[in-house]
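Only this structure's heavy atoms are used, side chains among them; waters, hydrogens and symmetry mates stay out. It should be emphasised that the depicted structure is a prediction, and the values quoted were computed from it without experimental measurement.
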Amino acid sequence: MGRALWIVLWLLSPLVWALDPCTAQSEVGSWCRLPIERLHPTQGGVGMLQVERTRASLAGKSPKRLDKLMKKKEIPVVISPDGQFWLVDRHHLTTALWRSGVSEARVKVIARLRDPANFWAQMRANHWAWLQDERGRPLDPARLPVRVADLPDYPYRTLAGLLEDAGYIDKSQQVYFIEFAWATWLGEQMGWAPVNRESVAERLQQAKLLACSRRAAHLPGYPGRLCSKG
């Protein structure tokens with residue numbers, strides 16, 4: 001059996017999850033297990049290069065380290081008035097798991113909203129949804145991808161994620177979706193030059209300089225710790 005397949009089967013083992021299935025009545029604050037295909041995204045896309053890097057890092061870990069990682073990486077969900085499960089963070093991790101063949105994930109219910117008329121207003125007020133596309137244009141909730149598997153590529157979201165991983169964005173406040181504000185701003189500053197496997201290293205170097213400049217001072221998470229050392 002190949003190592004990648006073995007890891008997938010290990011992740012799916014009931015002994016690993018040892019949790020009850022999620023239901024519309026799952027208690028707020030509880031952990032449960034849910035098919036990934038039932039998770040509804042609350043953002044318009046993901047950075048696919050970052051997803052692939054996450055997928056590769058999962059495949060390279062020992063079972064012990066994977067178990068430790070999955071206990072640490074909380075996948076938070078909100079239950080809507082109609083009993084649907086909305087993924088409010090960890091879209092990249094969840095997409096990487098899905099693309100690795102994992103069909104079920106450990107999630108934490110962080111809220112249940114009961115007012116259908118104000119559902120999206122409450123989601124936005126709590127920073128549980130990002131209703132803009134990669135270029136900052138308004139995104140109607142009806143246009144959000146239905147499933148994690150449907151999320152398209154936002155290349156500049158990859159760049160913002162790599163910038164954060166490198167220490168150039170401060171996310172100590174743990175506010176969801178700040179990378180999207182950075183992705184839009186970086187794209188505007190860089191003229192939406194292509195971000196792909198061939199260009200990502202060069203673009204990241206440009207992004208690091210931009211991230212520490214005064215032009216970025218209005219963005220959440222400015223300055224990152226490496227900027228502060230400069």
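The neighbour count for Arg53 CZ, taken as heavy atoms of other residues, nucleotides or ligands under 6.0 Å away, does not exceed 12.
Of the charged side-chain nitrogens involved, none lies within less than 4.0 Å of a carboxylate oxygen, so that Arg143 and Asp140 do not count as a salt-bridged pair. Taking the charged nitrogens against the carboxylate oxygens, Lys171 and Glu179 do have a contact shorter than 4.0 Å, which makes a salt bridge.
With sequence neighbours left out, the salt bridge (Lys or Arg N to Asp or Glu O under 4.0 Å) criterion links Glu52 to Arg55, Arg99. The side chain to side chain contact (heavy atoms under 4.5 Å, CB included) test applied to Pro116 returns Pro81, not counting sequence neighbours. By the side chain to side chain contact (heavy atoms under 4.5 Å, CB included) test, Asn196 is found to be paired with Pro194, Glu198, Ser199, residues two or more places apart in sequence or in another chain being considered. When the side-chain hydrogen bond (donor to acceptor under 3.5 Å, both in side chains) test is applied to Asp89, no partner is found at least two apart in sequence or on another chain.
Within the 4.5 Å cutoff, the side chain of His218 has heavy atoms near those of the Trp185 side chain. Looking only at side-chain heavy atoms (C-beta outward), Lys108 and Val77 stay at 4.5 Å or farther from each other.
Below 30°, between 30° and 60°, or above 60°: for Trp86 and His40 the angle between ring planes is between 30° and 60°, a tilted geometry. Ring geometry, Tyr154 versus Phe180: the interplanar angle exceeds 60°, so the pair is classed perpendicular (tilted spans 30 to 60°).
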Pair Gln84, Phe119 - check side chain to side chain contact (heavy atoms under 4.5 Å, CB included), show working.
CA-CA 12 Å; Gln84 300 296 309; Phe119 176 70; over 6 Å; no
Derivation and outcome, side chain to side chain contact (heavy atoms under 4.5 Å, CB included), residues Trp182 and Ile169:
CA-CA 9 Å; Trp182 279 86; Ile169 298 174; 3.6 Å; yes
Report the C-alpha distance between Arg157 and Gln50 in whole Å, list the side-chain angles of each, state the deciding distance to 0.1 Å, and finish with yes or no for side-chain hydrogen bond (donor to acceptor under 3.5 Å, both in side chains).
CA-CA 8 Å; Arg157 176 57 183 79; Gln50 189 174 4; 3.1 Å; yes
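Screening residues 124-217 for disulfide bond (SG atoms under 2.5 Å apart) gives Cys212-Cys227 as the qualifying pairs, with residues at least two apart or on separate chains. Among pairs with a residue in residues 118-127, those fulfilling side chain to side chain donor-acceptor pair (under 3.5 Å) read Asp115-Asn118, at least two apart in sequence or across chains.
The residue from Phe177, Trp130, Trp128 that alone fulfils the side chain to side chain contact (heavy atoms under 4.5 Å, CB included) condition with Thr42 is Phe177.
Counting all heavy atoms, side chain and backbone alike, Ala96 lies closest to Leu58 at CB-CD1, 4.3 Å.
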